[in-house]
Amino acid sequence: MERTDAGQARDQHRMVVQRVEELLALHDPAATPAVEFLGARFDAGLAWVYFPEGHGGLDLAPEAQGVVERELARAGAPNEYERNVIGYGMGAPTVLAHGTEEQRRRYLRPLFTCEEIWCQLFSEPGAGSDVAGLATRAERDGDQWVVNGQKVWTTLAHTARWGMLVARTDSNAPKHQGLTYFVLDMHAPGVEVRPLRQMTGDAEFNEVFMTDVRIPDSQRLDAVGAGWRVAMTTLMNERVAIGGGVSRRGSGPIAEVLDIWQKAAPHVRTPVRRDRVVSMWVASEVARLTNMRAREMRKAGTPGPEGSVAKLAGAELNKEVYELCVDLLGMEGTLFSTHYEMRRPDRSAFAGGDDVRHTFLRSRANSIEGGTSEIMRNILGERVLGLPGEPRADKDVPWVDVPRS
Ligand SMILES: Cc1cc2nc3c(=O)[nH]c(=O)nc-3n(C[C@H](O)[C@H](O)[C@H](O)COP(=O)(O)OP(=O)(O)OC[C@H]3O[C@@H](n4cnc5c(N)ncnc54)[C@H](O)[C@@H]3O)c2cc1C
C-alpha cells in the first residue's frame with residue numbers, strides 16, 4: 001500500500017526528535033561550547049535537515065526543520081544565527097546548489113558553526129537594483145583571478161571571513177552573461193573594509209574596496225560566465241530569509257504592539273487606535289499564513305517568486321508595525337536613548353533588538369535591503385500576475401556599450 005504524505009511526515013517527525021534527543025544526550029547544551037555544539041549538530045545532520053547527508057542534513061523535507069529548531073530552543077541549545085545571517089540564509093544554499101563536492105566540504109561546516117562568517121558582495125555605487133550592471137572586474141591570470149572594484153552596503157563585512165562576490169569577467173558580453181561568482185577571502189591582501197553608519201548609530205554595513213586582490217580559481221562557484229544564475233540562487237534565498245519566516249501566531253513584531261497597547265494609559269487606548277492595532281494583527285496573521293502556504297508549496301530547492309512576494313509583504317508590514325509602536329508610545333517614542341558614537345555590531349539588527357525605538361529606525365531599511373519594494377512589485381507583476389515586462393533596452397547590448405552614469 002502506498003504511504004500517505006501524513007504518514008511520512010509522522011515518521012520524519014519521530015526520526016528527527018530522536019536525533020535531537022541523541023544530540024542533547026551526548027552534548028549538554030549548558031556545558032558545551034557553542035562551536036562544539038554546533039559542529040556536533042552539523043555532523044548529526046541537524047543543521048539543515050533538507051540538505052544532503054554528509055553536508056549538515058538528512059535529505060528530509062524542509063518542514064522537519066521547524067521541529068529541530070523548536071526542540072533545540074526548548075533545550076536551551078546555542079543558536080548563532082544572527083551572527084551569520086547571510087551565511088545561513090544565502091551562503092549555505094548557494095554553496096550547496098552551485099559548489100563542487102570539495103567546496104561544500106570546505107565551506108558548509110565552519111559556516112554553520114560560525115567559525116567563518118559570510119557576507120554578500122553584490123551592490124555597488126552604480127549597481128543596486130540593477131545589480132547585473134555591476135562594474136567590479138575579475139581578470140584571469142593562470143589559475144588565479146585578479147579583482148579590482150568597489151562594493152557597498154556590505155552587511156557584516158567587518159566580521160566576515162568569506163564574501164560572495166559577483167564580478168564581471170567578460171565586458172563584451174551582455175550584462176547578465178559576463179558575470180562570474182567567487183568566494184572571496186575577506187582577509188586577502190588588497191581587501192579594504194570601511195564602515196558606513198546608519199541612522200540607528202550602528203555601522204552594520206560597509207564599503208569594500210578591492211585592489212588587485214587575487215582569488216584562486218578553486219574559489220570560483222560554478223562556471224565562468226554563470227555568475228548571474230548563481231546570484232539568482234543567492235537572491236531568491238535572501239528574500240525568503242528576510243520575509244519568509246513562519247513564527248507562532250501573535251509572536252514577533254506584532255507581539256511588541258500588543259505589549260505596548262496593554263501597558264498604555266487609558267487615554268492612549270482610543271477606539272481609533274484599537275482599530276489600527278487590530279488591523280495590524282490581522283495583516284500579520286495573513287502574512288504568517290501566506291508564508292506557511294508558500295513554505296508548504298516550496299518543499300525543496302531554490303525558491304521562486306513567492307519569496308519576493310513574502311519579502312515585499314514582510315518589509316512593508318514591519319515598517320507599519322514599528323510605526324504603530326512608536327505612535328502608541330507617544331512622547332516616549334521619540335526618546336531613543338542612544339549616544340551617537342558609531343557602534344560596530346557583530347550581528348545584523350534586521351530582525352529587531354531590545355529597544356523598539358531602535359527597531360523602528362532600523363525597520364526603515366527593510367524596504368531597501370534584499371531588493372527594494374518597487375523591485376519586488378515588478379517581480380510580482382511580471383512573474384506572478386503575468387503583466388507586461390519592464391522595457392529592458394540594455395539586455396542584449398554588450399556591457400561595454402551601455403552608457404553608465
Ligand atoms: C540595511 C541594508 C543592508 C544591505 N546589505 C547588503 C549586503 O550585505 N550586500 C549587498 O550586496 N547589498 C546590500 N544592501 C544593498 C541593497 O541590496 C540595495 O540598497 C538595494 O538593492 C537598492 O539598490 P540601491 O541602493 O543602489 O538603489 P537604486 O537601485 O539606485 O534605487 C533607487 C530607487 O529607485 C527605485 N528603482 C530602481 N530601479 C527601479 C525599477 N526598475 N523600477 C522601479 N523602481 C526602481 C528603487 O526602488 C529605489 O527606490 C543593503 C541595503 C541596506 C539598506
Side-chain angles (χ1 to χ4, degrees), residues 82-91 94 117-136 149-160 162-167 175 179 181-182 184 186 193-210 227-228 230-232 234-239 241-243 308 311-312 314-316 318-319 345 347-353 358-383 387-395 404-405:
E82 284 181 10
R83 278 210 301 127
N84 205 2
V85 278
I86 292 175
Y88 274 53
M90 303 171 238
T94 305
I117 306 296
W118 284 58
C119 68
Q120 177 194 17
L121 297 159
F122 280 29
S123 305
E124 298 185 1
S129 298
D130 181 23
V131 72
L134 60 83
T136 291
Q150 184 201 339
K151 299 287 174 176
V152 74
W153 319 126
T154 318
T155 303
L156 297 180
H158 54 287
T159 61
W162 300 111
M164 290 171 265
L165 171 73
V166 189
K175 64 179 180 179
L179 301 171
Y181 201 114
F182 300 94
L184 172 71
M186 296 297 289
V193 176
R194 294 190 198 160
L196 281 174
R197 201 169 158 212
Q198 292 144 273
M199 68 173 160
T200 51
D202 298 333
E204 275 176 71
F205 52 32
N206 303 269
E207 297 177 291
V208 177
F209 296 87
M210 290 155 290
W228 183 248
V230 187
M232 285 310 286
T234 309
L235 290 173
M236 292 308 213
N237 279 287
E238 176 172 34
R239 283 155 199 175
I242 291 180
S308 304
K311 200 268 161 186
L312 169 65
E316 295 302 322
N318 224 27
K319 281 166 63 174
R347 56 203 68 215
S348 165
F350 105 90
H358 178 278
T359 311
F360 162 70
L361 292 177
R362 179 61 181 76
S363 70
R364 312 321 284 171
N366 292 165
S367 50
I368 306 173
E369 60 197 316
T372 68
S373 285
E374 289 75 23
I375 296 300
M376 296 305 117
R377 287 193 185 95
N378 285 349
I379 293 172
L380 169 62
E382 292 178 25
R383 302 211 14 225
L387 299 175
E390 285 211 307
R392 292 186 173 91
D394 60 357
K395 194 168 153 276
R404 297 180 55 75
S405 55

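Ligands are counted one by one from 1 in listed order, and the atoms in each one are counted from 1 as well. The structure displayed is predicted, hence computed values, not measured ones.
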> Got the closest protein heavy atom to atom 49 (O) of ligand 1, with its distance?
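Here the closest protein heavy atom is E374 OE1, 3.6 Å.
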
> Can you check whether S123 has an N/O within less than 3.5 Å of an N/O in ligand 1?
yes

> Before giving the answer on side chain to side chain contact (heavy atoms under 4.5 Å, CB included), spell out for M164 and L121 the whole-Å C-alpha distance, their side-chain angles and the decisive distance to 0.1 Å.
CA-CA 5 Å; M164 290 171 265; L121 297 159; over 6 Å; no

> How many angstroms lie between NZ in K319 and OG in S373, if you round to the nearest 0.5 Å?
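It comes to 6.0 Å.
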
> Does any N/O atom on T372 come nearer than 3.5 Å to any N/O atom on ligand 1?
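The answer is yes, given that T372 and ligand 1 share an N or O pair closer than 3.5 Å.
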
> Return yes when at least one protein heavy atom is under 4.0 Å from atom 11 (O) of ligand 1, and no when none is.
yes

> Can you name the closest pair of heavy atoms from M210 and T136 and give their distance?
CE-CG2, 4.1 Å

> Is there a donor-acceptor contact under 3.5 Å from the side chain of H158 to the main chain of P345?
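It does hold such a pair.
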
> Is a donor on one side and an acceptor on the other found under 3.5 Å between the side chain of Q150 and the backbone of E207?
no

> Any idea which atoms of ligand 1 are less than 4.0 Å away from a heavy-atom of F122?
11 (O)

> Supply the atom-to-atom distance F205 CZ to S123 OG, rounded to the nearest 0.5 angstrom.
10.0 Å

> Is atom 30 (O) of ligand 1 near the protein, in the sense that some protein heavy atom lies at less than 4.0 Å from it?
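No.
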
> Does the protein place a non-hydrogen atom closer than 4.0 angstrom to atom 46 (C) of ligand 1?
yes

> I'd like to know if R347 and E204 make a salt bridge, using a cut-off of under 4.0 Å between side-chain N and carboxylate O.
no

> Side chain or backbone, does S129 bring an N or O within less than 3.5 Å of an N or O on ligand 1?
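For ligand 1, there is an N or O atom that lies under 3.5 Å from one belonging to S129.
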
> Show, in sequence, the C-alpha distance, side-chain angles and deciding distance for S348 and E82, and conclude whether the side chain to side chain contact (heavy atoms under 4.5 Å, CB included) test is met.
CA-CA 6 Å; S348 165; E82 284 181 10; over 6 Å; no

> How about atom 1 (C) of ligand 1: does it have a protein heavy atom within less than 4.0 Å?
yes

> Between E390 and ligand 1, find which residue part has any heavy-atom pair under 4.0 Å and reply side chain, backbone, both or neither.
side chain

> Could you find the nearest protein heavy atom to atom 52 (C) of ligand 1 and give me its residue, atom name and distance?
E369 CB, 3.6 Å

> What I'd like to find out is whether the side chain of E369 reaches to under 4.5 Å of the side chain of R362, using heavy atoms alone.
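A side-chain contact exists here, since the closest heavy-atom pair is under 4.5 Å.
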
> Give yes or no for whether the N/O distance cutoff of 3.5 Å, strictly under, is met between E124 and ligand 1.
no

> Against heavy atoms of I375, which atoms of ligand 1 measure under 4.0 Å?
38 (N), 39 (C), 40 (C), 41 (N)

> Give the atoms of ligand 1, by number and element, whose distance to some non-hydrogen atom of T155 is under 4.0 Å.
3 (C), 4 (C), 5 (N), 6 (C), 7 (C), 8 (O)

> Taking all non-hydrogen atoms of both residues into account, name the closest pair between I379 and R239 and its distance.
CD1-NH1, 3.4 Å

> For a 4.5 angstrom cut-off between non-hydrogen side-chain atoms, does T155 reach Q120?
no

> Under 4.0 angstrom from ligand 1, any heavy atom of R362?
yes

> Quick one: look up the protein heavy atom nearest atom 7 (C) of ligand 1 and list residue, atom name and how far away it is.
W153 O, 2.9 Å

> Closest non-hydrogen protein atom to atom 9 (N) of ligand 1, residue and atom name please, with distance?
Q120 O, 2.8 Å

> Considering non-hydrogen atoms of the protein only, which is the closest contact for atom 42 (N) of ligand 1, and what is the distance?
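The answer is N378 ND2, 3.2 Å.
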
> Please state which protein non-hydrogen atom is closest to atom 19 (O) of ligand 1 and give its distance, to 0.1 Å?
I368 CG2, 3.4 Å

> Does the distance from a Lys or Arg side-chain N to an Asp or Glu carboxylate O, for E382 and R392, drop under 4.0 Å?
yes

> Could you pull out, from C119, G128, A365, the option with a heavy atom nearest to atom 26 (O) of ligand 1?
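Answer by nearest heavy atom: G128.
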
> Y181 vs F122 aromatic rings, parallel, tilted or perpendicular, using cut-offs 30° and 60°?
perpendicular

> Using heavy atoms and a threshold below 4.0 Å, how should the contact between D130 and ligand 1 be classified: side chain, backbone, both, or neither?
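No part of D130 comes within reach of ligand 1.
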
